[in-house]
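Residue numbers start from 1 in every chain, and the chains themselves are labelled A, B, ... in the order their sequence lines are given, proteins ahead of strands.
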Amino acid sequence: MHFHFIYFKHRGQREIPCLLVPSPNTCSSQSWTKLKPRAKSSVWLSHLVVEADYFRPLTRLQEYILSVSWSGEQTWDLHPRAPAWVATDPTLVNEDLKQMLESNKDSAKLDAMKRIVGMIAKGRNASELFPAVVKNVASKNIEIKKLVYVYLVRYAEEQQDLALLSISTFQRALKDPNQLIRASALRVLSSIRVPIIVPIMMLAIKDASADLSPYVRKNAAHAIQKLYSLDPEQKEMLIEVIEKLLKDKSTLVAGSVVMAFEEVCPERIDLIHKNYRKLCNLLVDVEEWGQVVIIHMLTRYARTQFVSPWKEDGGAEDSEKNFYESDDEQREGTERRKKPYAMDPDHRLLIRNTKPLLQSRNAAVVMAVAQLYWHISPKSEAGVISKSLVRLLRSNREVQYIVLQNIATMSIQRKGMFEPYLKSFYVRSTDPTMIKTLKLEILTNLANEANVSTLLREFQTYVRSQDKQFAAATIQTVGRCASSISEVSDSCLSGLVCLLSSRDEVVVAESVVVIKKLLQMRPAQHGEIIKHMAKLLDSITVPVARASILWLIGENCERVPKIAPDVLRKMAKSFTSEDDLVKLQILNLGAKLYLTNSKQTKLLTQYILNLGKYDQNYDIRDRTRFIRQLIVPNEKSGALSKYAKKIFLAQKPAPLLESPFKDRDHFQLGTLSHTLNTKAAGYLELSNWPEVAPDPSVRNVEVVELTKEWTPAGKAKKENPAKKFYSESEEEEDSSDSSSESESESGSESEEEADSSEDSSASSPNEQEGESASESEGRSKRTAKKSWKTRAKSDSEDEEKENEKSKSSDSSSAESSSAEGSSSDAESESESDSGPDSRKVTKEKEGRPKQARSTLPKDVSLLDLDDFNSVSTPVALPTPVLSPSLRADLEGLNLSTTSSVINVSSPVFVPMKTHVLLHRMSGKGLAAHYFFPRQPCIFGAKMVSVQITLNNTTDQKIENIHVGEKKLPAGMQMHAFSPVDSLEPEGSVTVSMGIDFCDSTQTASFQLCTKDDCFSVNIQPPVGELLLPVAMSEKDFKKEQACLCFTPAQQAQACSLE
Amino acid sequence: MIHSLFLINSSGDIFLEKHWKSVVSRSVCDYFFEAQERATEAENVPPVIPTPHHYLLSVYRHKIFFVAVIQTEVPPLFVIEFLHRVVDTFQDYFGVCSEPVIKDNVVVVYEVLEEMLDNGFPLATESNILKELIKPPTILRTVVNTITGSTNVGDQLPTGQLSVVPWRRTGVKYTNNEAYFDVIEEIDAIIDKSGSTITAEIQGVIDACVKLTGMPDLTLSFMNPRLLDDVSFHPCVRFKRWESERILSFIPPDGNFRLLSYHVSAQNLVAIPVYVKHSISFRDSSALGRFEITVGPKQTMGKTIEGVLVSSQMPKGVLNMSLTPSQGTHTFDPVTKMLSWDVGKINPQKLPSLKGTMSLQAGAPKPDENPTVNLQFKIQQLAISGLKVNRLDMYGEKYKPFKGIKYMTKAGKFQVRT
């Protein structure tokens, strides 16, 4: 009879063996009581009751669901509520649960489901309840429903037929008006791994991918991966869905769909082309997990699409790479260096847009950006990542472990990156050993002539550490420092020799091994050390160390002619009790001595060879045989024995002390494969840079028909008053593109905000940033120049976007080139105006127009419409931009210093940034935003045109909006907008007005009145908005600058300098 | 990505499992147990363990191993960061994250895990969103639920999920509007035998507790923002505004959150507020060693040092210690050889000291190295880097919030080598 213990599991982890029960075939509830206890610790069933009563006050009864396990897998539960604590078999327990599930009361069902989930969580089998559970899939109670889902996902695979019963419920739920229900239905449906429903899933995914709710679309992206793992046959169809979802503009979807892409079709890099720029731009706003996936994907993408940025800054670090290249390639390299390398603007876009993510709180994101910089950015720029990586070292030990590994790999190739942070890698005694060793590794990699003495002092502390494993690793490290930095090798060696007298065996052994390696590298006169080590043989027991000493003596046997034979004698004595490793070295030593000093050692060696012949280990027998044949001359020994001396006493190459991270760099950083140093399943190789960049134009997004139609108008904004009436309709178009939800969402936002209408759910954080930034400008009491400076900086990102936008609107217009051509001139104009102070800023900006020029449009249709939206001026001129020169003739006369060489050009870009004029809270529901369209004002040459968007956020009509009393400083003038008769609820209207700020940043205050109320508002222009873009040649510029900035005396000086 | 999750307690029992894809047998954890055995201490268990068909990535927190099973290549930090987020969420939900608590709330745990991952890819990890989906259990709610039959599960998609500020829920209302900010700085330092600083850096965080009605837009400015060397933000902070003006501008999440963490690098001289005088000596011949330690204030800017706790891992050869402190209490655990001395406040007039003898194992050689001393302390109302918040302004809402700011300096990893 088999006996089993039943364990009473107490909450406090105490296990009390309670009674013995027989094996199942003899077990019935009656037989229990008849059992005799076998061991002292077991008790009778009656005692069990007492025990249970004893524990009852301490813990909850439910804890006492007892398990009885038989020799098989089956688990029986002791029913907690059964009267006498009788063990019941699972069917009985389940009977109870079944009854509860079938009851009418939700609470009973819920209770049952909770218990079932508890069983699943503990890993116990609850599959028998499937039919009872699946009935509740249509329960009204949402918690029951959710728990049923949990159950279903867990067991559907095992009970495929029954699982089909639930499918219709999900199909119905897929049409539910509540997006949460639609999404979760899709989630569960796709999680049910039943091959029969593949077509249903496919259909559901297709529907969901076109759902209005981005949340549902996100779930569709997840479902793609599930379906793919269930049935890889569907790949083609799924790729179509992925392609569609990749075009999605919601940040919610982006991460998930890229994940699906990586899982299903990572080789279809062509699907990314058209979405590349969008992904780069959305990246900041995607949720953090999505960011990681997207960054990894884009890293791979960049490595296939752009040429290497590394050749250019070549230098010493590159030489290693070049070393492997054949001469031809190198010549090619130099040839390429001759023609200047220009980074693809898309390449730059990626590098730039990922930079802010280094500030993320998520370690995975920071690491992802770091590896992106490491793999694709020019080497000079990769330095920015070190600070962030070092920051991560403050995190949990697991994060530290991974980050340190990656730093170790990086620090081998580019020491300079982490050198300033050397002290951050100092080891603390509380670090876990694995962290200590990694830190040590990095410290070694960073060691150079300058810091090695500091490091060695630090190592001295480590060597004495209580953690002996770590102390041993430190000794290795010292050896590596000694071998790589020749200045300190002598002091290292003497330090290591000192350690030989340490009391700890591990330390001594490790020192011996390292000294051996060092001596081998420099076979100078180290007789003393060898003698000292020979003495150690008596005391040291660690095999590796003994073997090392023997080898060293054998190698230098001619230098220590007296000691060597004596050592051999001792070893011969202890041969049989030595470790295999040591035996082999004894044989070697014997052979070497036989060859050099056969008079003294002939007999000894033969004795050892005889011992070796009958050794248990075949390696040793083998070696013995080999050595005997080679060194002992007999008639059979061939020609080889003549060379025995040469063979045994050949000059051995010194071992290379290398970092264990040396060979890891062929894995992409931050990946699992890199951590393990083996290729993990599903690892995607990072390709080498292409020699010639593939066609960059594949990333261009074609202009949609509709947009083409509007472009001239969009362009026309520069001097044209716009057509406010269109803006409404465009908005509609816009939002129909995104989902209904986001539409309602964006309704609450001011509709003018360009970015938000582009992608309501996503880009608004950005938007607000810009907004509030400008708000503060309004308040700031800084000097004009300063504020200009900050503005320029803060805008820089936006600016580029804007550039792109304006460019995109240009793409079909014939004027585009001229507009662009003037861009750089416009820059210089601004320089002249802001004076030398801002030169730095301008310089910063100089690079940009170039880029913007080559950055080709993306998301054209939407962006265009946005541009267009925000522009509204009363008169529409269908003609494209006037040529700069012509315009200069027409209207460039208002600059007092204008000479004939100054041409007013069209602005290179117009910021979409709006400023709050009247907040909806303070405006009783009327909100007003203003922005500077940067176009010549139609109301007067000296006026700056301002566009005001009025929003009605109330649910009533607002009537008669007009400008009331004006409170302008002396000299300022203002042309009010024509009153708006009425504004519908949720409606918005854009009006334009002109203000002459008298070239100052004084505030223009006026009242904005409705039928019932008056609100005081004011506009303060940033200094940049008062300027006009002007094109001129460099010479003219210098001339003008001289006139503007200097006194006549200085002017003369400036000229002479020229 | 993440296939399954196993929760393993310190005694090696798997007490919870959850699978997001098809079921992975528990037996996969055997590889983990093997590694656990090989590593003598829990914290030496490698975070990444390869097995023939799976990879086990684990984190160890609150005496529980969270072991994630993955099958294919995935950035390891992705999984590790996620696991830490899971622990944080549990802590947020239940106050503590321990085995009995997880077992008690296994259903909520399961529901939360179900929402956090879909097919192994993180779905909702923001605790604000999760709390709207699944309400954390409170005593009151449990009572109400049993009476009314309502559930812990929300039936609406959390508004945050789709809004532009996913971290903040809508419709927040408070009668008292308060915003508290704690500037907490930790000094990480290694001090060498002679008392000179080998390395010291300051790691600071600003933790906030914001309970404000509506959608407030806050700006926080510093007197000396240049001090901050390297910063990482909560996603709510507008990065560009920081870049351009060095002002923190944000719409805060509701409740407690970490606004910012920063780093003041070693290049700036870090003031070390305490010093430790020590004389620990082992003698070769005798079985007794001398032990003496004194702690005193150094650069404290006139503030008192509180909560001082000295701990030290003594070498294995030490059998017992007989010590007398001039203040506070001390304990020595002869099994783990851990000495800890709870000092409390430091009175500059009468410096606390701990003196006595150590009895060493007879015959054993004297230890190579003197033990390092780890120090913990707190200084209220002082940010050791000198960082000062200038002002906090609120826009977007009408009411006047109550604002509070607190500074504190703590010892981080503060070690004195002896």
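For chain A, the option among B/Pro371, B/Gly412, B/Pro315 with the highest count of heavy-atom pairs below 4.5 Å is B/Pro315.
Side-chain contact between B/Val106 and A/Lys122 is absent, with no heavy-atom pair separated by less than 4.5 Å. Using a 4.5 Å heavy-atom cutoff, the side chains of B/Glu73 and A/Gln668 are not in contact. With a 4.5 Å cut-off on side-chain heavy atoms, A/Arg361 and B/Ser261 do not count as touching. Using a 4.5 Å heavy-atom threshold, the side chains of B/Pro75 and A/Val292 count as touching. Contact annotation: the side chain of A/Arg391 approaches that of B/Ser232 to within less than 4.5 Å [non-hydrogen atoms, C-beta and beyond]. Using a 4.5 Å heavy-atom threshold, the side chains of B/Lys193 and A/Thr461 count as separate. Here the side chains of A/Leu672 and B/Leu57 are in contact, with some heavy-atom distance below 4.5 Å. Put simply, the side chain of B/Thr372 does not reach to within 4.5 Å of the side chain of A/Thr430, judged on heavy atoms.
Rounding to the nearest 0.5 angstrom, the gap separating the OG1 atom in B/Thr199 from the OH atom in A/Tyr426 is 8.0 Å. For the atom pair CD of A/Gln359 and CG of B/Asp230, the computed distance is 6.0 Å after rounding to the nearest 0.5 Å. A distance of 11.0 Å separates CG of B/Leu83 from CG of A/Asn396, quoted to the nearest 0.5 Å. Put simply, NE2 on B/His19 and OG on A/Ser191 are 14.0 Å apart, with the number rounded to the nearest 0.5 Å. For the atom pair B/Glu81 CD and A/Ser360 OG, the distance stands at 8.0 Å (nearest 0.5 Å). Separation of atoms NZ (A/Lys146) and CD (B/Glu111) is listed at 7.0 Å; rounding is to 0.5 Å.
Of the two parts of A/Glu288, only the side chain, counted from C-beta on, holds a non-hydrogen atom closer than 4.5 Å to a non-hydrogen atom of chain B. Heavy atoms closer than 4.5 Å to chain B are found in the side chain of A/Val293, but not in its backbone. With a threshold of 4.5 angstrom between heavy atoms, A/Thr675 approaches chain B through side-chain atoms but not through N, CA, C or O. Heavy atoms closer than 4.5 Å to chain B are found in the side chain of A/Tyr401, but not in its backbone. Residue contact with chain B, scored on non-hydrogen atoms closer than 4.5 Å, is absent for A/Lys145. Using a 4.5 Å cut-off between heavy atoms, B/Lys398 contacts chain A through its side chain alone, with no backbone atom that close. Both the backbone and the side chain of A/Val399 come within less than 4.5 Å of a heavy atom in chain B. Using a 4.5 Å cut-off between heavy atoms, A/Leu147 contacts chain B through its side chain alone, with no backbone atom that close. A/His674 does not touch chain B: none of its heavy atoms, backbone or side chain, sits under 4.5 Å away. Proximity to chain B is absent for every atom of A/Gln405, based on heavy atoms less than 4.5 angstrom apart. Heavy atoms of A/Val365 lying under 4.5 Å from chain B are absent altogether.
Between the side chain of B/Glu201 and the backbone N or O of A/Ser424 there is no donor-acceptor pair closer than 3.5 Å. A/Arg397 contributes a side-chain N or O that, together with a main-chain N or O of B/Glu43, makes up a donor-acceptor pair within less than 3.5 Å. In this structure, A/Lys423 contributes its side chain and B/Ala200 its backbone to no donor-acceptor pair below 3.5 Å.
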If you apply the rule side-chain contact (heavy atoms from CB on, under 4.5 Å), what do you find for B/Phe239 with A/Val284, and how did you get there? CA-CA 10 Å; B/Phe239 183 68; A/Val284 186; over 6 Å; no

Check the pair B/Leu77 / A/Val403 against side-chain contact (heavy atoms from CB on, under 4.5 Å), numbers first and verdict last. CA-CA 8 Å; B/Leu77 270 187; A/Val403 173; 4.1 Å; yes

Could you please spell out the steps behind the side-chain contact (heavy atoms from CB on, under 4.5 Å) verdict for B/Phe78 and A/Met367? CA-CA 9 Å; B/Phe78 184 97; A/Met367 189 67 232; over 6 Å; no

Candidate pair A/Gln225 and B/Met1, rule side-chain contact (heavy atoms from CB on, under 4.5 Å), full reasoning: CA-CA 10 Å; A/Gln225 304 161 51; B/Met1 288 204 142; 5.8 Å; no

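Taking a 6.0 Å sphere around CD of B/Gln313, one finds it holds more than 12 heavy atoms contributed by other residues, nucleotides or ligands.
The pair B/Arg417-A/Glu458 meets the salt-bridge criterion, with a side-chain N (NZ, NE, NH1 or NH2) lying under 4.0 Å from an Asp/Glu carboxylate O. A salt bridge links B/Asp188 with A/Arg394: the closest approach of a Lys/Arg side-chain nitrogen to an acidic carboxylate oxygen falls below 4.0 angstrom. Using a 4.0 Å cut-off between charged nitrogen and carboxylate oxygen, B/Asp118 and A/Arg187 count as a salt-bridge pair.
Applying the ring-ring contact (aromatic ring centres under 6.0 Å, His included) test to B/Phe66 and every residue at least two apart in sequence or in another chain returns nothing. Not counting sequence neighbours, the partners of A/Glu157 by the salt bridge (Lys or Arg N to Asp or Glu O under 4.0 Å) test are A/Arg193.
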